Asks: 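Let me begin by handing over the structure; questions about it come next.
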Amino acid sequence: MGRFDGRVAVVTGAARGIGFGTATRFAEEGASVAIIDLDESSAAESAARLPLTDGAKAIGIGCDVSSAESVDAGVARVVEELGGIHILVNNAGITRDNLLFKMTEEDWDLVMNVHLKGAFLMTKAAQKHFVEQKYGKILNLSSVSALGNRGQANYSAAKMGVQGFTRTLGIELGPFGINANAIAPGFIATEMTDATAARLKMDVEEFRKLNAEANPVKRVGYPEDIAAAAAFLCSDEASYITGQTLYVDGGAKLG
Ligand code: NAP
């Protein structure tokens, strides 16, 4: 008996990285899963690799979370093909780092549109179903960068915005049996942090080693670390927790 037997979970940006790790954990614990990502074939390939339990299904959907039309069509497909929607993880994300004086308006808008507008559009489309069935779990991906990070004015603002969005969802949707929380990861080994290494002209392994040494628990994080916290926050064991942001960062910001 899994914690998510009979549930349908939607994870955005889940073709790889933290999203795929989280989708995998939901599948292991009994959920049917929709993987949403920009490219439908990558989403479908990742969906086919999920460790489904008996009777559960997985689908991959090509969808741009920053487009209302694309989101509405994507969520409609989830409901039609998987029979409903109970859990939404707003995970899709991009970085467009630069120091403020070099940051373009386009890179500001791109980051805001994927993280903030994307979470808004997906949540709005899903909450209709959540309110009707008086049940739903929303999990948003923030970041330790919400607390400020050189070269990430756009990303930090978006990720702190995600925390305010989450608190407001907790207030508005609580009376309808819906919980909304956020996770703020620290350094997680994915293609996103590998791309940061490349931008800094550093070897990936060397970059991970440096980040591990600077962390109180002396290692980097992995998608499974976020997935474990995500599964708890989206489970019924966490039904008295809402509007919160949990930092899953090995204590990175304690100092
Ligand atoms: P990742 O490996 O880069 O994966 C992100 C996924 O999101 C990619 O598959 C990407 O697709 C997809 N995506 C981008 N824009 C999208 C859009 N408009 N619509 C749908 N999908 C879209 O990133 P990650 O490291 O797993 O990060 C996942 C989340 O955790 C992000 O919100 C990130 O900001 C947050 N986070 C990560 C870290 C970390 O250390 N890795 C730390 C704190 C927070 P394409 O490949 O086609 O672009």
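Quick caveat, the model's predicted, so the values are computed rather than measured. Both counts, for ligands and for their atoms, begin at 1 and track the order of listing.
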Asks: Do me a favour and list the nearest non-hydrogen protein atom to atom 9 (O) of ligand 1 with residue, atom name and distance?
Replies: D37 OD2, 2.7 Å
Asks: Could you tell me whether the side chains of T123 and N90 share a donor-acceptor contact shorter than 3.5 Å?
Replies: yes
Asks: Based purely on interatomic distance, does V65 place a nitrogen or oxygen under 3.5 Å from a nitrogen or oxygen of ligand 1?
Replies: yes
Asks: Can a non-hydrogen atom of G186 be found less than 4.0 Å from any atom of ligand 1?
Replies: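 It does, in that a heavy atom of G186 comes within the 4.0 Å cut-off of ligand 1.
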Asks: What protein heavy atom is closest to atom 2 (O) of ligand 1, reported as residue, atom name and distance in Å?
Replies: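 The answer is R16 NE, 3.0 Å.
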Asks: What atoms of ligand 1 come closer than 4.0 angstrom to any heavy atom of I94?
Replies: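 The list of qualifying atoms is 14 (C), 15 (N).
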Asks: What protein heavy atom is closest to atom 18 (N) of ligand 1, reported as residue, atom name and distance in Å?
Replies: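 For this ligand atom, the closest protein heavy atom is D64 OD1, 2.8 Å.
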Asks: Could R25 and F4 be counted as a cation-pi pair, given that NZ or CZ must be under 6.0 Å from the ring centre and within 45° of the axis?
Replies: no
Asks: Quick one: nearest non-hydrogen protein atom to atom 7 (O) of ligand 1, plus distance?
Replies: G13 CA, 3.3 Å
Asks: Before we go on, tell me: are the rings of Y222 and F187 under 6.0 Å apart, centre to centre?
Replies: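 No, they do not, as the ring centres are separated by 6.0 Å or more.
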Asks: Taking atom CZ of R77 as the centre, report whether more than 12 heavy atoms of other residues, nucleotides or ligands fall under 6.0 Å from it.
Replies: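 Correct, the count exceeds 12.
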Asks: Nearest protein heavy-atom contact for atom 25 (O) of ligand 1: which residue, which atom, what distance?
Replies: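 Sorting protein heavy atoms by distance from atom 25 (O) of ligand 1 puts T190 OG1, 2.5 Å first.
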Asks: Compute the ring centroids of F130 and H86, then answer whether they are less than 6.0 Å apart.
Replies: no
Asks: Does at least one non-hydrogen atom of Y155 fall below 4.0 angstrom from an atom of ligand 1?
Replies: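 The answer is yes: ligand 1 sits under 4.0 Å from a heavy atom of Y155.
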Asks: List the closest protein heavy-atom neighbour of atom 16 (C) of ligand 1: residue, atom name, distance to the nearest 0.1 Å.
Replies: L38 CG, 3.6 Å
Asks: Any idea which atoms of ligand 1 are less than 4.0 Å away from a heavy-atom of G17?
Replies: 26 (O)
Asks: Rounded at 0.5 Å granularity, tell me how far CD1 in I226 sits from OG1 in T22.
Replies: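 Here the interatomic distance stands at 7.5 Å.
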Asks: Tell me the nearest of V220, N91, V11 to atom 31 (C) of ligand 1, using heavy-atom distances.
Replies: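 Looking at heavy atoms only, N91 sits closest to atom 31 (C) of ligand 1.
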Asks: Supply the atom-to-atom distance T166 OG1 to Q244 CD, rounded to the nearest 0.5 angstrom.
Replies: 10.0 Å
Asks: Is it the case that atom CG in L100 sees more than 12 heavy atoms from other parts of the structure closer than 6.0 Å?
Replies: no
Asks: Using side-chain heavy atoms (C-beta onward) and a distance below 4.5 Å, is I241 in contact with N181?
Replies: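 Yes - at least one pair of side-chain heavy atoms lies under 4.5 Å apart.
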Asks: To which protein heavy atom is atom 40 (O) of ligand 1 closest, and what is the distance rounded to 0.1 Å?
Replies: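 Among all protein heavy atoms, the one nearest atom 40 (O) of ligand 1 is I188 N, 2.8 Å.
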Asks: For the 3.5 Å polar cut-off, considering only N or O atoms, please tell me whether A15 and ligand 1 meet it.
Replies: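 The answer is no, given that A15 and ligand 1 share no N or O pair closer than 3.5 Å.
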Asks: Flag D39 as yes when one of its N or O atoms lies below 3.5 Å from any N or O atom of ligand 1, and as no otherwise.
Replies: no
Asks: Considering only the protein, which heavy-atom contact is closest to atom 5 (C) of ligand 1, and what is its distance?
Replies: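 Going atom by atom, the protein heavy atom closest to atom 5 (C) of ligand 1 ends up being G93 O, 3.8 Å.
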Asks: Say whether S67 and D64, considering side chains only, have a donor N or O and an acceptor N or O under 3.5 Å apart.
Replies: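 The criterion, which ignores hydrogens and geometry beyond distance, is not satisfied for D64 and S67.
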Asks: If you measure only the distance, is there a donor-acceptor pair under 3.5 Å linking the side chains of D97 and Q152?
Replies: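 Distance-only check passes for D97 and Q152.
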Asks: Which of the numbered atoms in ligand 1 are under 4.0 angstrom from any heavy atom belonging to F187?
Replies: 40 (O)
Asks: Between ligand 1 and V114, is the shortest N or O to N or O distance under 3.5 Å?
Replies: no
Asks: Hydrogens and angles aside, do Y135 and D236 bring a side-chain donor and acceptor to less than 3.5 Å of each other?
Replies: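 Side chains of Y135 and D236: pair found under 3.5 Å.
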Asks: Does atom CD of E106 have more than 12 heavy-atom neighbours, drawn from other residues, nucleotides or ligands, at distances under 6.0 Å?
Replies: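 Check fails, neighbour count at 12 or below.
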Asks: Please report whether ligand 1 has a polar contact with S143, defined as an N or O pair separated by less than 3.5 Å (distance criterion only).
Replies: no
Asks: Using non-hydrogen atoms of the residue, decide whether S142 is closer than 4.0 angstrom to ligand 1.
Replies: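 S142: in contact with ligand 1 (<4.0 Å).
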Asks: Ignoring hydrogens and angles, state whether a donor on the side chain of N91 or T12 is under 3.5 Å from an acceptor on the partner side chain.
Replies: no
Asks: Examine ligand 1 and decide if any of its atoms is less than 4.0 Å from a heavy atom belonging to C63.
Replies: yes
Asks: Just distances here: any N/O of I18 and N/O of ligand 1 closer than 3.5 Å?
Replies: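 Looking only at distances, the answer is yes, because the N/O contact criterion of under 3.5 Å is met.
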Asks: Is there a polar contact between ligand 1 and S66, counting only N or O atoms under 3.5 Å apart?
Replies: no
